[in-house]
There are 2 protein chains.
Amino acid sequence: MHLNQFWKASKKALPGDKVTPQKPGPAMRIPNVYEKDCPTRLVLDHIADKWTALILWKLVDGPLRFNQIRRIVEGISQKMLSQTLKQLERDGLVSRRAFATVPVTVEYSVTPLGHSLAEKMAAVSLWAQDNIDSVLSAQAKYDAGVDETA
Amino acid sequence: MHLNQFWKASKKALPGDKVTPQKPGPAMRIPNVYEKDCPTRLVLDHIADKWTALILWKLVDGPLRFNQIRRIVEGISQKMLSQTLKQLERDGLVSRRAFATVPVTVEYSVTPLGHSLAEKMAAVSLWAQDNIDSVLSAQAKYDAGVDETA
DNA sequence: CTCGCTAGTTTCGTTTGGGTACTAGCTACA
DNA sequence: TGTAGCTAGTACCCAAACGAAACTAGCGAG
């Protein structure tokens, strides 16, 4: 299993730190996002991302072209959209299909794998919309408290 | 309601783009993460973050001190931990309590608001752990395909 | 007397993100 | 016959963010 090779790198944490041993035998490792060199950490870094969440969620409703996504996801730059889509395609979360139309059109759609993740990320986006008032009032309270710490 | 003021800024998108009007009256706006100037977008940027997901999830099991978190979340720097915790506290997701012990100890715990988000983010982390094999094989297939495009 | 613990802040070099300009080839319109 | 627009990106440059490491302060233990 090729997954094991990712843990070959040095596992030393902070000097003097005792990290929980977690059975370091040659047996198959259980993926753990809290381990520094675990591939899940890299994947988490890709997917726990603003643009990923927004793009993936919209693609669930149906395939979209490059510039359609750009118009829907307000504020995204061409560079970040291109970059994020490429990343998503590499991770097997979206599939890219080019059509030989007059100006070449490219259609992005979500894969079954991407669909399962999109549901989780959508929950986060929805949380933000549902709880924005609580967060904003917490921020206001915090900022007021910091000011009067004179 | 103070939430409205956030939409006062210019709403022009790309030149020539027709963004869906979405009733721009003085009525209360529905928070929408796809709008460029919506505060939910800022919050989403905070919470859709690798460190936020990892820290918040661990705090659900019980309060932790600064250096405890640092040891658990492998690879996080003191700077990012400090920064992320401060952000989480400002957003009302975690609460910070300092104890006048000999070396001052500081305890971080998750608020009810933070707990509700932690559940959503945990689902994303768990997704990464559950689907790491699928993602890695997709990456391998993609990389192989790119190479042979010569 | 020096080392280590606590919780951070500061500094600095590298990496990443974002804005803008630019590409190609075709179409619609004046 | 210009020329302005569409498509999907890429190239470049600067600013912001990230990460590693050094440094803060005060006390306990060896």
Side-chain angles (χ1 to χ4, degrees), chain A residues 10 12-18 36-37 41-42 44-46 48-55 59 63-90 94-109 146 149, chain B residues 10 12-18 36-37 41-42 44-46 48-55 59 63-90 94-109 146 149:
Chain A
S10 67
K12 68 168 158 77
L14 299 163
D17 266 358
K18 312 158 198 77
K36 182 164 55 65
D37 299 314
R41 178 68 72 81
L42 292 170
L44 183 65
D45 205 16
H46 296 168
D49 171 73
K50 183 178 47 173
W51 301 129
T52 297
L54 294 173
I55 293 171
L59 285 180
L64 291 170
R65 289 180 294 98
F66 187 88
N67 279 335
Q68 282 181 323
I69 302 173
R70 190 155 75 103
R71 279 185 285 265
I72 291 170
V73 181
E74 292 183 30
I76 194 168
S77 65
Q78 291 177 305
K79 183 191 166 186
M80 285 312 295
L81 178 54
S82 170
Q83 209 169 90
T84 306
L85 285 172
K86 207 174 287 179
Q87 186 83 263
L88 289 172
E89 189 194 357
R90 193 174 103 97
V94 307
S95 62
R96 179 185 181 278
R97 284 206 306 158
F99 296 91
T101 51
V102 179
V104 190
T105 53
V106 178
E107 192 184 85
Y108 291 93
S109 53
V146 167
T149 317
Chain B
S10 68
K12 67 164 166 69
L14 299 162
D17 266 358
K18 310 156 197 81
K36 183 164 52 67
D37 299 313
R41 177 68 72 82
L42 292 170
L44 183 65
D45 205 16
H46 297 169
D49 172 73
K50 182 177 49 172
W51 301 131
T52 298
L54 294 173
I55 294 170
L59 285 180
L64 291 170
R65 288 180 295 99
F66 187 88
N67 278 336
Q68 283 183 321
I69 303 173
R70 190 156 74 104
R71 279 185 285 267
I72 290 169
V73 182
E74 293 181 32
I76 193 168
S77 66
Q78 291 178 307
K79 182 190 166 188
M80 284 312 295
L81 178 54
S82 169
Q83 209 169 90
T84 306
L85 285 172
K86 207 175 285 179
Q87 186 84 262
L88 288 173
E89 190 193 356
R90 193 174 103 97
V94 307
S95 62
R96 179 186 182 276
R97 284 206 306 158
F99 296 92
T101 50
V102 178
V104 189
T105 54
V106 178
E107 192 184 84
Y108 291 93
S109 53
V146 168
T149 316

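Residue numbers begin at 1 in each chain, while the letters A, B, ... track the order of the sequences.
- By the side-chain hydrogen bond (donor to acceptor under 3.5 Å, both in side chains) test, A/Thr105 is found to be paired with A/Thr101, residues two or more places apart in sequence or in another chain being considered.
- Spacing between atom CD of B/Gln68 and atom C1' of C/dA7 amounts to 13 Å, rounded to whole angstrom units.
- In terms of heavy-atom proximity, B/Phe66 sits nearest to B/Leu81 at O-CD2, 3.4 Å.
- The side-chain hydrogen bond (donor to acceptor under 3.5 Å, both in side chains) test applied to A/Ser77 returns no partner, not counting sequence neighbours.
- At whole-Å resolution of the value, CZ in B/Arg96 and P in C/dA7 are 10 Å apart.
- Note: CZ (A/Phe66) to P (D/dC6) measures 15 Å, nearest angstrom.
- Per the geometry, CZ belonging to A/Arg97 stands 14 Å off P belonging to D/dA8, to the nearest Å.
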* Structure fact -> Expected string for nucleotides 18-25 of chain C under the B/S/- scheme (protein heavy atoms, under 4.0 Å, primed atoms plus P, OP1, OP2 as sugar-phosphate) is BB-B---B
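- Rounding to the nearest 0.5 Å gives a distance of 5.0 Å between OG1 of B/Thr84 and CD1 of B/Ile76.
- Atom CD1 in A/Ile69 sits about 9 Å away from atom P in D/dA8, given to the nearest Å.
- Atom NZ of A/Lys86 and atom P of D/dG9 are 8 Å apart (whole Å).
- A/Pro63 is linked by a side-chain contact (heavy atoms from CB on, under 4.5 Å) to A/Glu107, A/Ser109, counting only residues two or more places apart in sequence or in another chain.
- The two atoms that bring A/Lys36 and B/Glu74 nearest to each other are N-OE1, 3.1 Å, heavy atoms only.
- OP1 or OP2 of D/dT7 sits under 4.0 Å from a side-chain N or O of A/Arg71.
- End-to-end axis angle for the helix from C/dC1-D/dG30 to C/dT23-D/dA8, using five pairs per end and rounding to 10°, comes out at 30°.
- Residue A/Tyr108 is classed as a sugar-phosphate contact, given heavy-atom separations below 4.0 Å to backbone atoms only.
- Residues satisfying the side-chain hydrogen bond (donor to acceptor under 3.5 Å, both in side chains) criterion with B/Arg65, sequence neighbours excluded, are absent altogether.
- In this model, the phosphate group of D/dT10 is approached by a side-chain N or O of A/Ser82 to a distance below 4.0 Å at OP1 or OP2.
- Shortest non-hydrogen contact noted between B/Leu85 and B/Val94 is O-CG2, 4.1 Å.
- Straight-line distance from the CD atom of B/Gln83 to the C1' atom of C/dA7: 16 Å, rounded to whole Å.
- Summarising the geometry, atom CZ belonging to A/Arg70 is positioned 4.0 Å from atom CD belonging to A/Gln78; distances are rounded to the nearest 0.5 Å.
- Counting to the nearest Å, the P atom of C/dT6 and the CG atom of B/Leu81 are 13 Å from each other.
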